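Comments concern the structure below.
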Amino acid sequence: MLLITLAGLLPAALLVYHIYRADFLQPEPIDQLKRAIIFGIGSIFVSMLFSTPFEALGFFSKSYSTMTGAFRLAFFGAGIPEELAKLIMLFLVVRKNPYFNEKMDGIVYAVCVSMGFAGFENLAYLGAAGENWFGVSVSRALLAVPCHYYNGVFMGYFFAKYWFESENKFNNLCWALLAPVITHTLYDFILMYMNVDNSPLVYTLLFASLIYLCLQMLKWSRKRISEHLDEDARNKDGYQKSERSAHDFYDRSDRI
């Protein structure tokens, strides 16, 4: 049980550490990151408030045998409810957070929310896998958990633009939801359609498409992170880098 728990949580924990280290101008307080992760775990239950009525209304079914059925499950059963729940939790995490005052912070908090979701979800999948838990843990560590990470980057990128920029606020808020919904839906749809048509040729093409999508999301997420880091550095050059507690209010107008 200990090994399953470690295998389930370690990928998400490593990605949280990665985004924390990437925020080199002024790392966010550890307690605030923990809070975001906890809210991310809570987003799992919030997502059910959307997915349950969607299923009851017939928008999707967990039993599917067609391409359309796979897409509806990916879109209405996962993409919309999960990313909408994460966005709601991201609002709650940052709305009274005095440390949320750089664009990179939006990506950091969104990723932490996503990793809270992904870590808890990973444990559930590994627990249900039985004796096959190791193989499932490897595949999810390489694909599923990073996909949640990328979605968090996309959400945080547009959310920060919505929060800090005066122009195109509505468009940026819409994209804070649409961007992760689109990539999440595409990822899940490919996986789900592989269960519909598993002929060797189609399965190979779908798997290649899945790998390509993940590599593109990796590329896009790196660009989005670099863009916000560069803009923060230009706007507020020369921050004093320091470790802060969640109770220390740091005035980022201070210069070295």
Side-chain angles (χ1 to χ4, degrees), residues 1-24 27-28 30 32-47 74 78-79 81-83 85-87 89-90 93 104 106-157 179-181 183-192 194 207 209-225:
M1 186 62 185
L2 177 59
L3 288 177
I4 293 177
T5 301
L6 290 175
L9 297 180
L10 185 59
L14 290 176
L15 289 172
V16 168
Y17 179 74
H18 170 75
I19 200 65
Y20 172 75
R21 296 290 296 175
D23 185 23
F24 60 87
E28 296 305 289
I30 298 297
Q32 292 292 342
L33 301 187
K34 292 178 181 177
R35 179 170 173 266
I37 292 170
I38 293 171
F39 274 63
I41 295 173
S43 69
I44 293 179
F45 306 100
V46 175
S47 71
E82 292 181 12
E83 300 305 331
K86 293 176 190 175
L87 183 59
M89 289 305 190
L90 179 59
V93 167
M104 183 61 190
I107 293 178
V108 172
Y109 286 119
V111 165
C112 287
V113 170
S114 290
M115 290 300 95
F117 185 105
F120 192 91
E121 181 188 60
N122 219 27
L123 284 178
Y125 272 98
L126 267 57
E131 295 181 355
N132 299 321
W133 69 268
F134 182 76
V136 173
S137 70
V138 172
S139 64
R140 288 188 59 82
L142 294 176
L143 296 174
V145 177
C147 181
H148 280 287
Y149 169 87
Y150 304 142
N151 292 334
V153 172
F154 303 148
M155 178 180 291
Y157 171 81
V181 165
T183 53
H184 192 150
T185 299
L186 283 174
Y187 175 88
D188 279 8
F189 168 69
I190 294 172
L191 277 180
M192 293 170 183
M194 290 169 74
F207 184 74
S209 299
L210 186 68
I211 298 302
Y212 177 77
L213 175 63
C214 290
L215 291 175
Q216 287 299 113
M217 287 195 290
L218 172 61
K219 178 181 177 180
W220 297 335
S221 65
R222 284 178 172 175
K223 287 184 177 180
R224 302 292 83 80
I225 290 171

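What you see is a predicted model, and the numbers here were worked out from it, not measured in a lab. Hydrogens, waters and symmetry mates play no part in the numbers below; they use all other heavy atoms, side chains included.
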(Q) Taking side-chain hydrogen bond (donor to acceptor under 3.5 Å, both in side chains) as the definition, give me every residue that meets it alongside Thr183, ordered by chain and number, with sequence neighbours left out. (A) Asn151

**Q.** Of all pairs that satisfy salt bridge (Lys or Arg N to Asp or Glu O under 4.0 Å), the ones with a partner from residues 211-225, not counting sequence neighbours
**A.** Arg224-Glu227

Q. Just how far is it from atom CG of Leu87 to atom CE of Met89, taken to the nearest 0.5 Å?
A. 11.5 Å

Q. Residues two or more places apart in sequence or in another chain: which of them pass side-chain contact (heavy atoms from CB on, under 4.5 Å) with Thr5?
A. Met1, Leu9, Leu123

Q.
Counting C-beta onward and ignoring hydrogens, is there a side-chain heavy-atom pair between Val153 and Trp220 closer than 4.5 Å?
A. no

**Q.** Residues which pass side-chain hydrogen bond (donor to acceptor under 3.5 Å, both in side chains) with Tyr187, listed by chain and number, not counting sequence neighbours
**A.** none

Q: Considering non-hydrogen atoms only, spot the tightest contact between Ala129 and Val136 and give its length.
A: CB-CG2, 3.7 Å

Q. Roughly how far, to the nearest 0.5 Å, is the CD1 atom of Ile225 from the OH atom of Tyr157?
A. 12.0 Å

Q) Nearest 0.5 Å, what's the CG-OG distance between Leu6 and Ser137? A) 11.0 Å

Throw together a table of side-chain donor-acceptor distances under 3.5 angstrom for residues 107-114, partners on residues two or more places apart or in other chains.
unit_1: Tyr109; atom_1: OH; unit_2: Glu28; atom_2: OE1; d: 2.7
unit_1: Tyr109; atom_1: OH; unit_2: Asn97; atom_2: ND2; d: 2.9
unit_1: Ser114; atom_1: OG; unit_2: Ala110; atom_2: O; d: 3.2

Q.
Taking the side chain as everything from C-beta on, heavy atoms only, tell me whether Ile30 gets closer than 4.5 Å to Tyr20.
A. yes

Q: Give the minimum heavy-atom separation between Gly79 and Thr185, together with the two atoms involved.
A: CA-OG1, 3.8 Å

Q: Applying side-chain contact (heavy atoms from CB on, under 4.5 Å), name anything that partners Phe189, two or more places apart in sequence or on another chain.
A: Met67, Ala70, Phe71, Ala74, Tyr193

Q. At their closest point, which heavy atom of Phe154 faces which heavy atom of Ala179, and how far apart are they?
A. CB-CB, 4.1 Å

Q) Can you find a heavy atom in the side chain of Leu218 that is under 4.5 Å from one in the side chain of Pro146? A) no

Q: With sequence neighbours excluded, give me every salt bridge (Lys or Arg N to Asp or Glu O under 4.0 Å) pair touching residues 1-16.
A: none

Q: Find out whether Met115 and Val145 are in side-chain contact, i.e. whether some heavy atom of one side chain is under 4.5 Å from a heavy atom of the other.
A: yes

Q: Tell me, please, which residues at least two apart from Arg140 pass side-chain hydrogen bond (donor to acceptor under 3.5 Å, both in side chains).
A: Glu121, Asn122

(Q) Which residues pass the ring pair (Phe, Tyr, Trp, His ring centres under 6.0 Å) test with Tyr150, not counting sequence neighbours? (A) none

Q: Check side-chain contact (heavy atoms from CB on, under 4.5 Å) between Ile44 and all other residues, then give those that pass, not counting sequence neighbours.
A: Met48, Phe117, Phe120

Q: Please collect all salt bridge (Lys or Arg N to Asp or Glu O under 4.0 Å) contacts where either partner lies in residues 32-45, sequence neighbours excluded, each pair once.
A: none

Q | Residues which pass side-chain contact (heavy atoms from CB on, under 4.5 Å) with Ala78, listed by chain and number, not counting sequence neighbours | A | Glu82, His184, Asp188

Q. Atom CH2 of Trp133 and atom CG of Leu3: how far apart are they, to the nearest 0.5 Å?
A. 5.0 Å

(Q) Can you tell me how far apart CG (Leu33) and CD1 (Ile38) are? Round to the nearest 0.5 Å. (A) 11.0 Å

